[in-house]
Amino acid sequence: MATAKIQHAAKGASNAAYINNPILAMFNYFRDELDEHHDRRERVIKASRDITALSKKMIFTLQRARNLLAPLPASLDKEYQTRHSQIQALFSSIAPDLQDLNAHRYARQISGGIQEYIEALSFHHYLLTGSLIPLASVRDNVRNLIEITPADYILGIFDLVGEIMRFGITMIATRGDVSKLLRDIRELRMQFEALDTSVGGGGLLGKEVSKKMGVMQTCVEKVETAVCGFIVRGSERPKGWVPELAIERAVGGGRGGNFDEDGET
Amino acid sequence: MSESFASVDPEIFAKVQEQIEKDSEIKEKIREALRNLDKEVRKINSTLSRIHIVPAEHVLKLTDSVEDGFKQVAVEIGGLVEIVKDYPYYKYNGLWTRDLQNTAFLVLLHGWLKRSYGTAESGNSLLSIDEVGAVLGVPVNLKTEDRFHLTIEEYLHAVISLVDELTRLTTNAVTQRDFLRPLMINRFVKDIHSSFQVLNLKNDSLRRRSDSLKYSVKKVEDVSYDLMLRGLVPDGTEDAKQSEDVKEVPEVILEGKKE
């Protein structure tokens with residue numbers, strides 16, 4: 001701000017130079033245009049950061065839930081909804097800055113926020129229904145104010161695996177049966193791994209996908225290892241699970257890697 | 001507990017895969033188009049770089065000889081536009097922004113040379129962004145319409161490149177006994193430098209490059225100072241006189257040299 005003021009003042013002071021410098025008029029126009037662009041960019045970055053922060057809080061709230069396929073406890077649900085409407089307000093406030101030409105101009109700035117939001121949204125959906133949120137429903141949630149591309153969606157879902165992992169690990173520690181969780185993230189992993197990012201050196205999307213791929217694989221493995229460890233040590237398992245486990249040990253020799261498929265199919 | 005993860009939509013994954021593939025396909029096409037553009041740009045560049053080694057009176061011949069080249073450049077850019085016109089402009093513009101800056105620089109240099117070596121139009125030798133756009137055959141600074149265009153940033157980068165080039169020309173003009181050019185460049189570079197002062201630049205590449213302008217100003221000033229100190233220029237700094245007197249001066253000097 002201060003420098004801007006100084007420059008404005010300097011401009012006023014040197015009116016003589018202004019007349020002698022024919023280029024200056026054009027540059028004054030440039031300044032206004034560039035300022036507008038920078039301001040818009042700042043707004044988008046700020047909104048994206050706020051959306052990211054709120055989404056993270058939503059996710060923390062969701063991680064406090066204990067049951068899969070059950071409605072959230074009232075207090076958690078209230079927290080979740082409050083944050084959610086704050087995010088929606090942010091999206092509508094930033095929407096005018098992301099229209100037409102500018103949709104892609106600031107795509108890199110807003111994309112982080114969108115991905116984090118999809119992560120939170122899909123995690124919520126998963127806890128309640130046990131299924132993956134469809135892209136159309138994500139779009140409904142931002143009321144179509146902002147363009148959500150399939151790429152944004154997939155990148156958000158990548159992070160969902162991490163959340164399911166955390167939820168799963170907590171579940172193992174407290175109650176036990178994570179077979180559905182494990183099956184689901186393995187299925188996601190298979191879908192993700194089918195994506196070929198190596199084509200032609202890969203674009204920006206390709207690079208982002210391959211970066212997230214590694215993280216996602218680690219997450220799946222963590223759950224697999226946790227399940228394995230649980231079986232090996234066999235501690236505090238709920239009663240309903242014991243028979244399954246017995247079969248598993250006989251067949252899979254305690255290797256977390258394939259206990260699930262063998263048991264279920 | 002055994003219902004499967006029914007709503008994984010394979011369509012979405014297929015779509016993303018398709019997008020990744022299409023992305024790289026288009027990029028390949030863009031690179032191809034840029035290679036073609038680069039060929040033309042190189043030709044012009046190598047012709048115009050001769051301004052550093054030929055006497056002042058030959059410069060206009062050089063600028064004339066690249067006129068057709070610029071037409072070809074516009075054609076190549078048209079080819080690029082054709083490839084990317086169905087996609088959001090900012091999706092791929094990172095791929096060509098360098099080339100476009102470089103091309104815009106040559107347009108600016110060409111325009112500067114024509115105005116500064118040609119008619120006594122010494123007032124403003126900088127082609128405006130619209131004039132550059134017209135030579136390249138593209139619109140400039142679009143605000144809402146999602147179409148190929150020359151951005152302000154690209155133009156400003158080109159302006160800085162022009163200053164760099166003219167700074168080099170200052171020394172080489174002296175070697176060619178062209179003592180008028182350093183004075184013109186001196187004034188021009190100062191105008192550009194003070195014009196950049198009005199911009200509120202963020203800490204980006206444009207900012208870093210524009211920081212270098214002051215060194216150019218100093219370098220050109222030093223040369224002008226040395227010339228004046230030794231009485232090699234008539235009457236020193238007066239701009240008004242410069243535009244009239246100065247026209248004759250180099251000829252005299254050049255003739256002197258030949259004899």
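All chains are named by letter (A, B, ...) in the order of the sequence lines, taking the proteins before the strands, and each is independently numbered beginning at 1. These numbers come from the heavy atoms of this one structure, side chains and all, not from hydrogens, waters or symmetry mates.
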Open item on the list: Suppose we screen for side chain to side chain contact (heavy atoms under 4.5 Å, CB included). Which residues come up paired with B:Lys218, at least two apart in sequence or across chains?
Closed with: B:Asp222
Task: Counterpart residues, side chain to side chain contact (heavy atoms under 4.5 Å, CB included), relative to A:Asp97 (two or more places apart) - done: A:Arg40, A:Arg43, A:Val44, A:Ile94
May I ask you to name which of [options] has the most heavy-atom pairs under 4.5 Å with chain A?
options: B:Asn93, B:Ile129, B:Ile192; result: B:Ile129
options: B:Lys91, B:Glu28, B:Lys15; result: B:Lys91
options: B:Arg147, B:Glu25, B:Lys143; result: B:Lys143

I'd like to know whether [atom1] of [X] has more than 12 heavy-atom contacts from other residues, nucleotides or ligands below 6.0 angstrom.
X: B:Arg209; atom1: CZ; answer: yes
X: B:Lys202; atom1: NZ; answer: yes
X: B:Lys214; atom1: NZ; answer: yes

Side chains of [X] and [Y], heavy atoms from C-beta outward: is any pair under 4.5 Å?
X: A:Phe30; Y: B:Glu153; result: no
X: B:Leu156; Y: A:Phe27; result: yes
X: A:Leu101; Y: B:Thr144; result: no
X: A:His38; Y: B:Asn200; result: no

Measure the spacing between [atom1] of [X] and [atom2] of [Y] and express it to the nearest 0.5 Å.
X: B:Tyr90; Y: A:Asn102; atom1: OH; atom2: CG; answer: 7.0 Å
X: A:Gln191; Y: B:Ile12; atom1: CD; atom2: CD1; answer: 11.0 Å
X: B:Ser194; Y: A:Ile23; atom1: OG; atom2: CD1; answer: 7.5 Å
X: B:Thr151; Y: A:Arg105; atom1: OG1; atom2: CZ; answer: 7.5 Å
X: A:Glu33; Y: B:Ile152; atom1: CD; atom2: CD1; answer: 4.5 Å
X: A:Asp100; Y: B:Leu142; atom1: CG; atom2: CG; answer: 11.5 Å

- [ ] Heavy-atom pairs under 4.5 Å with chain B are the metric here; pick the option from A:Arg41, A:Glu36, A:Gln99, A:His104 that has the most.
- [x] A:His104
Task: Atom of B:Leu199, atom of A:Arg31 and distance for their closest heavy-atom approach - done: CD2-N, 3.6 Å
Open item on the list: For a quick test of reading the model, state the closest non-hydrogen atom pair linking B:Gln17 to A:Leu195 and the distance between them.
Closed with: OE1-CA, 3.0 Å
Check whether [X] gets within reach of chain B through its side chain, its backbone, both or neither, counting any heavy atom under 4.5 Å.
X: A:Ala107; result: neither
X: A:Ala194; result: backbone
X: A:Phe192; result: both

